Visitor: 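First the structure, which I've put down as C-alpha cells, then a few questions once you've had a look.
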Amino acid sequence: MRYDLVIFDNDGVLVDSEPISNTLLAGYLTELGHPTSYEDSLRDYMGSAMHRVHDLVEERTGRRLPADFDDVFHARVFAAFRADLEAVPGVEDVLKRLVAAGVPYCVASSGSHERIRVGHRKTGLDAWFRDENVFSSEDVGRGKPAPDLFLHAAARMGVEPGRCVVVEDSRLGVQAAMAAGMDVYGFTAMTPEEKLAGARGFFRRMDELPAILGM
C-alpha cells in the first residue's frame, strides 16, 4: 500500500446521490425563478458546499435565495435519500479490503454531517464510518475547492498530507485535494476524465480501486 490514509468523497463516491440531489436542486432553483437544468446543476454545484449555491445565484442575478432555502432543500433531499438512495456498487468490498489490510480511511464531504449520516444509514455504510472518521465542510471555514477540509481530515487522522490519497468524482474535489498536496484519483462513473484534470489517474468501477492503491 502506497498511502497511510485513504480519504473518500461521499456523494457520488460512497453513495449514488448525485442524480437525486442535483435533480432536486435544479428543480427547486427553477421553482424560485432561477431556471436551472440538471446538467447546469452538475456543472456548477456538484461537489460543492451549499454556500456556493447561494454565492453563484447572487453573483449571477443580484438576488439572494430565501433564508429557509437550505432547510427546504435538505428536507426534500433527505426524504428522497430515505426512499431511494443506494451505495455505489463495489464500495463495501473496497472498505473490507482496507480494513483487512489495516489501512485507515475516512470520508471528507462537502455535505453536512446530517446529510452524510442519512445516506449512510440508508445504505448500510454507517457500519463502516463512525464519528471519528467522518468529516464535513461544516467542520472548516471553507469548502472545496479550498484544501481546508482535506487538511482537517488528515490532521484529525494523524497522517501527513503527502501520505494521503483522495478518491473524488468532482472538479472542485480534485482541485481541493491538489491544493492540499495530496494524490487524487478521479472516479469517472458519472464525471468524464477531462472534467477531473489534475488527477493522478482515473477509474470507472470501484473494483478497480484496490489495484490503483497498490493493495
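Quantities reported herein were computed from a predicted structural model and do not represent experimental measurements.
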Visitor: Could you pull out the closest heavy-atom pair between V91 and A87, with the gap in Å?
Guide: CG1-CB, 4.2 Å
Visitor: Of all the heavy-atom pairs spanning V94 and L209, show the shortest one and how long it is.
Guide: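 The answer is CG1-CD2, 4.0 Å.
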Visitor: Run the salt bridge (charged side-chain N to carboxylate O under 4.0 Å, His left out) test against D55 and tell me which residues pass, sequence neighbours left out.
Guide: none
Visitor: Under 4.5 Å between any side-chain heavy atoms of I116 and S136, yes or no?
Guide: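 Heavy-atom side-chain distance check passes, below 4.5 Å.
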Visitor: With heavy-atom distances below 4.5 Å as the criterion, would you say the side chains of L29 and V57 are in contact?
Guide: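 Yes, close enough: below the 4.5 Å cut-off.
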Visitor: Does atom CD (E31) have a neighbourhood of more than 12 heavy atoms from anything else shown, all under 6.0 Å?
Guide: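 Count over threshold, so yes.
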Visitor: How long is the straight-line distance from CG of L196 back to OG of S170, given to the nearest 0.5 Å?
Guide: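 S170 OG to L196 CG: 7.5 Å, rounded to 0.5 Å.
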Visitor: Could you pull out the closest heavy-atom pair between L149 and S110, with the gap in Å?
Guide: CD2-N, 4.3 Å
Visitor: Kindly indicate, with the supporting measurements, whether the criterion ring-ring contact (aromatic ring centres under 6.0 Å, His included) is fulfilled by F203 and F187.
Guide: CA-CA 5 Å; F203 66 105; F187 183 44; 5.1 Å; yes
Visitor: Give, for atom CD of E39 and atom CE of M46, the distance between the pair rounded to the nearest 0.5 Å.
Guide: 13.0 Å
Visitor: If you measure from SG on C106 to CD on E132, what distance do you get to the nearest 0.5 Å?
Guide: 11.0 Å
Visitor: Do any pairs count as a salt bridge (charged side-chain N to carboxylate O under 4.0 Å, His left out) and have a residue in residues 42-53, sequence neighbours left out, and if so which ones?
Guide: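 Every salt bridge (charged side-chain N to carboxylate O under 4.0 Å, His left out) pair that includes a residue of residues 42-53, provided the two are not neighbours, is D40-R43, D44-R60.
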Visitor: Closest approach of L125 and L95, non-hydrogen atoms and distance?
Guide: CD2-CD1, 4.1 Å
Visitor: Which distance, rounded to the nearest 0.5 Å, do you find between the NE2 of H74 and the OG of S21?
Guide: 9.5 Å
Visitor: Identify the residue among V107, T123, N133, V99 that makes a side chain to side chain contact (heavy atoms under 4.5 Å, CB included) with W128.
Guide: V99
Visitor: About how many Å separate CE of M50 and CG of L65, when rounded to the nearest 0.5 Å?
Guide: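 One finds 8.0 Å between CG of L65 and CE of M50.
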Visitor: Using modelled atom types only, decide if a donor and an acceptor are shared between the side chain of T30 and the backbone of P35 within a distance under 3.5 Å.
Guide: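 Such a contact is absent between T30 side chain and P35 backbone.
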Visitor: Please check if the side chain of T188 supplies one atom and the backbone of E193 the other of a donor-acceptor pair under 3.5 Å.
Guide: no
Visitor: Distance-only, no hydrogens or angles: does the Y3 side chain make a donor-acceptor pair with backbone N or O of G214 under 3.5 Å?
Guide: no
Visitor: Show which residues join L172 in its hydrophobic cluster (side-chain heavy-atom contacts under 4.5 Å, direct or indirect), or state none.
Guide: none
Visitor: Would you call H54 and E58 a side-chain contact if the rule is heavy atoms closer than 4.5 Å?
Guide: no
Visitor: Begin with the C-alpha distance, continue with both residues' side-chain angles, and end with the deciding distance and a verdict on salt bridge (Lys or Arg N to Asp or Glu O under 4.0 Å) for R142 and D148.
Guide: CA-CA 6 Å; R142 299 180 298 169; D148 304 38; 3.0 Å; yes
Visitor: So L25 and F73, do their side chains get closer than 4.5 Å, heavy atoms only?
Guide: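 Result yes, sub-4.5 Å side-chain heavy-atom pair found.
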Visitor: Of all residues at least two apart in sequence or in a different chain, which pass the side-chain contact (heavy atoms from CB on, under 4.5 Å) check with A101?
Guide: V103, M215
Visitor: Using side-chain contact (heavy atoms from CB on, under 4.5 Å) as the criterion, list what pairs up with E114, not counting sequence neighbours.
Guide: F78, S112, V118
Visitor: Just jot down the side-chain contact (heavy atoms from CB on, under 4.5 Å) partners of K195, sequence neighbours excluded, or say none.
Guide: T191, P192
Visitor: Given side chains that start at C-beta, do those of V165 and L5 come closer than 4.5 Å, heavy atoms only?
Guide: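 Counting from C-beta outward, V165 and L5 never come under 4.5 Å.
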Visitor: If you define the side chain from C-beta out and look only at heavy atoms, does anything of L98 sit under 4.5 Å from V6?
Guide: yes
Visitor: Look at the rings of F8 and F129 and say which category their plane angle falls in: under 30° parallel, 30 to 60° tilted, over 60° perpendicular.
Guide: perpendicular
Visitor: Work out which heavy atom in A26 is nearest to a heavy atom in Y38; give both atom names and the distance.
Guide: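 Shortest heavy-atom separation between A26 and Y38 comes out as CB-N, 3.9 Å.
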Visitor: Should I7 and M157 count as side-chain neighbours, where that means a heavy-atom distance under 4.5 Å?
Guide: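 No, their side chains stay 4.5 Å or more apart.
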Visitor: I need the full list of ring pair (Phe, Tyr, Trp, His ring centres under 6.0 Å) pairs touching residues 136-177, with sequence neighbours left out, sorted by first then second residue.
Guide: F135-H152
Visitor: Among pairs that include at least one residue of residues 91-100, which meet salt bridge (charged side-chain N to carboxylate O under 4.0 Å, His left out), considering only residues two or more places apart or in two chains?
Guide: none
Visitor: Check whether D84 reaches the backbone of F81 with its side chain - one donor and one acceptor, N or O, closer than 3.5 Å.
Guide: no
Visitor: As an exercise, state the distance from CZ of R205 to CG of D207, rounded to the nearest 0.5 Å.
Guide: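 So the CZ of R205 and the CG of D207 are separated by 4.0 Å.
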Visitor: Taking all non-hydrogen atoms of both residues into account, name the closest pair between A176 and A146 and its distance.
Guide: CB-O, 3.4 Å
Visitor: Between the main-chain N or O of I212 and the side-chain N or O of R2, is there a donor-acceptor pair closer than 3.5 Å?
Guide: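 At least one qualifying donor-acceptor pair exists.
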Visitor: Salt bridge (charged side-chain N to carboxylate O under 4.0 Å, His left out): which pairs involve residues 162-186, sequence neighbours left out?
Guide: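 Matches after skipping sequence neighbours: D4-R163, K144-E168, D183-R200.
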Visitor: With side chains defined as the heavy atoms from C-beta onward, is the minimum distance between K122 and V15 less than 4.5 Å?
Guide: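 No, every pair of side-chain atoms sits at 4.5 Å or beyond.
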Visitor: Going by salt bridge (charged side-chain N to carboxylate O under 4.0 Å, His left out), name the residues that satisfy it together with D11, two or more places apart in sequence or in a different chain.
Guide: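 Testing D11 for salt bridge (charged side-chain N to carboxylate O under 4.0 Å, His left out), a comparison that skips the adjacent residues, returns R115.
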Visitor: Check side-chain contact (heavy atoms from CB on, under 4.5 Å) between M178 and all other residues, then give those that pass, not counting sequence neighbours.
Guide: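 Applying side-chain contact (heavy atoms from CB on, under 4.5 Å) to M178 gives V174, V184.
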Visitor: Test of understanding: clusters of I, L, V, M, F, W, Y form through side-chain heavy atoms closer than 4.5 Å, transitively. Do L85 and V77 belong to the same one?
Guide: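 Linked within one cluster.
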Visitor: Could you tell me which residues satisfy side chain to side chain donor-acceptor pair (under 3.5 Å) with N22, sequence neighbours excluded, listed by chain and number?
Guide: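 Listed in chain order: E18, S41.
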